[in-house]
S.K.: 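After the structure tokens below, expect a handful of questions from me.
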Amino acid sequence: MSLFFETLKIKNHKIYNLSEHHARLNKTVLENFGHRTSIDLNNHIKAPDEKLYRCKVTYDTEIKSVSFTPYQPKVFRHFKLINTHLSYPYKAVDRTEINKLFEQKENCDDILMIKDGLVYDTSIANIAIYDGIKWYTPSMPLLAGTQRANLLKKQIVFEKEIKVKDIKNMVSFAIMNALIGFHPIKNAKFCYKLLEFKGNR
């Protein structure tokens, strides 16, 4: 039986984006196992103290494990554009193919996946670009994140197809996930084969 997981941000005992995590978890169970569930993460998550934690909840048709790791933000600035045909519609524990792509990052901090000329996600986050007027996120991400869902609901970001040329011509670049939140990156830099170009000009 396949295992899936949710990664949640917890600080001062508060679980962030809880409704979005609930929606994705229960949708994953329904579409993979045919079970209609209403698992409530509040009943399973008890943070040890008020610090900032990365909480990982592993599940199939029921919760299998809950772990807490103190969260230390990482610095992301350099991204290697990688072509792929990977499909990862659910947050599966098996990330073998993503890890193989990540190994190609060379001296960069992370990868940015490209499918059929369209921009998708980094290895751990959804992305957004700013054209000087609005923030846009790919309309078909590799994995629809909970922070992305929250920002779309609040109309802070908007969906559209993003091509590599849009990255080259953007005003600003941001990554987003449950732990990072919405994080614009100053002077983000991108490398694709022998071609380098710089964002946030």
Side-chain angles (χ1 to χ4, degrees), residues 1-10 15-45 53-74 76 79-105 108-116 118-128 137-153 157 159 162 175-183:
M1 183 176 285
S2 299
L3 282 177
F4 302 91
F5 71 105
E6 289 292 315
T7 305
L8 304 94
K9 174 183 177 180
I10 300 180
I15 305 172
Y16 287 74
N17 295 343
L18 184 58
S19 62
E20 287 79 14
H21 284 290
H22 277 151
R24 184 169 64 183
L25 184 154
N26 288 297
K27 180 175 183 284
T28 297
V29 173
L30 176 62
E31 294 182 356
N32 285 273
F33 305 108
H35 290 236
R36 241 174 235 291
T37 61
S38 55
I39 294 172
D40 187 347
L41 292 171
N42 267 318
N43 297 330
H44 299 272
I45 296 175
Y53 284 99
R54 174 186 183 271
C55 175
K56 182 177 181 180
V57 178
T58 304
Y59 66 96
D60 45 33
T61 56
E62 59 185 24
I63 302 299
K64 294 297 186 182
S65 67
V66 179
S67 63
F68 299 90
T69 307
Y71 181 64
Q72 291 290 336
K74 296 180 181 179
F76 296 94
F79 298 86
K80 176 73 177 290
L81 275 65
I82 301 286
N83 285 309
T84 180
H85 293 290
L86 176 67
S87 177
Y88 187 74
Y90 305 101
K91 198 172 176 71
V93 168
D94 184 358
R95 286 173 50 89
T96 303
E97 296 305 316
I98 293 178
N99 293 337
K100 287 179 181 178
L101 293 173
F102 183 77
E103 290 172 359
Q104 301 178 46
K105 71 182 181 67
C108 294
D109 303 307
D110 202 350
I111 59 172
L112 183 56
M113 288 177 270
I114 311 297
K115 290 177 66 174
D116 301 320
L118 297 178
V119 179
Y120 281 70
D121 301 342
T122 75
S123 71
I124 62 163
N126 296 129
I127 68 103
T137 190
S139 53
M140 294 189 299
L142 191 70
L143 176 72
T146 56
Q147 180 67 14
R148 176 183 180 274
N150 187 39
L151 294 174
L152 285 169
K153 183 170 62 178
V157 301
E159 290 182 316
I162 297 178
I175 58 177
M176 52 185 160
N177 69 19
L179 273 299
I180 295 168
F182 182 75
H183 179 57

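Only a predicted model underlies this, so the values are computations on that prediction, with no experimental measurement involved.
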S.K.: Let's go through H21 and C55 carefully: what are the C-alpha distance in whole Å and the side-chain angles of both, what is the deciding distance for side chain to side chain contact (heavy atoms under 4.5 Å, CB included) to 0.1 Å, and is it a yes or a no?
M.R.: CA-CA 12 Å; H21 284 290; C55 175; over 6 Å; no
S.K.: Please examine the side chains of I15 and H22, heavy atoms only from C-beta on, and report whether any two atoms are closer than 4.5 Å.
M.R.: no
S.K.: Is there a side-chain contact between Q147 and K9, using heavy atoms and a 4.5 Å cut-off?
M.R.: no
S.K.: Got Y90 and E31 here, is their nearest side-chain heavy-atom distance under 4.5 Å?
M.R.: yes
S.K.: Side chains of M176 and F182, heavy atoms from C-beta outward: is any pair under 4.5 Å?
M.R.: yes
S.K.: Mind checking whether T37 and T61 have side chains closer than 4.5 Å, heavy atoms only?
M.R.: no
S.K.: Check whether R24 reaches the backbone of A144 with its side chain - one donor and one acceptor, N or O, closer than 3.5 Å.
M.R.: yes
S.K.: Any heavy-atom pair between the side chains of R95 and F5 that's under 4.5 Å?
M.R.: yes
S.K.: Any heavy-atom pair between the side chains of L152 and V157 that's under 4.5 Å?
M.R.: yes
S.K.: Do I124 and F76 have side chains that approach each other closer than 4.5 Å (heavy atoms only, starting at C-beta)?
M.R.: yes
S.K.: Hey, is CG on D116 packed in by over 12 heavy atoms from elsewhere, all under 6.0 Å?
M.R.: no
S.K.: Check E97 with K100, please: is the shortest side-chain N to carboxylate O separation under 4.0 Å?
M.R.: yes
S.K.: Have T137 and N126 got a donor and an acceptor in their side chains that come within less than 3.5 Å?
M.R.: no
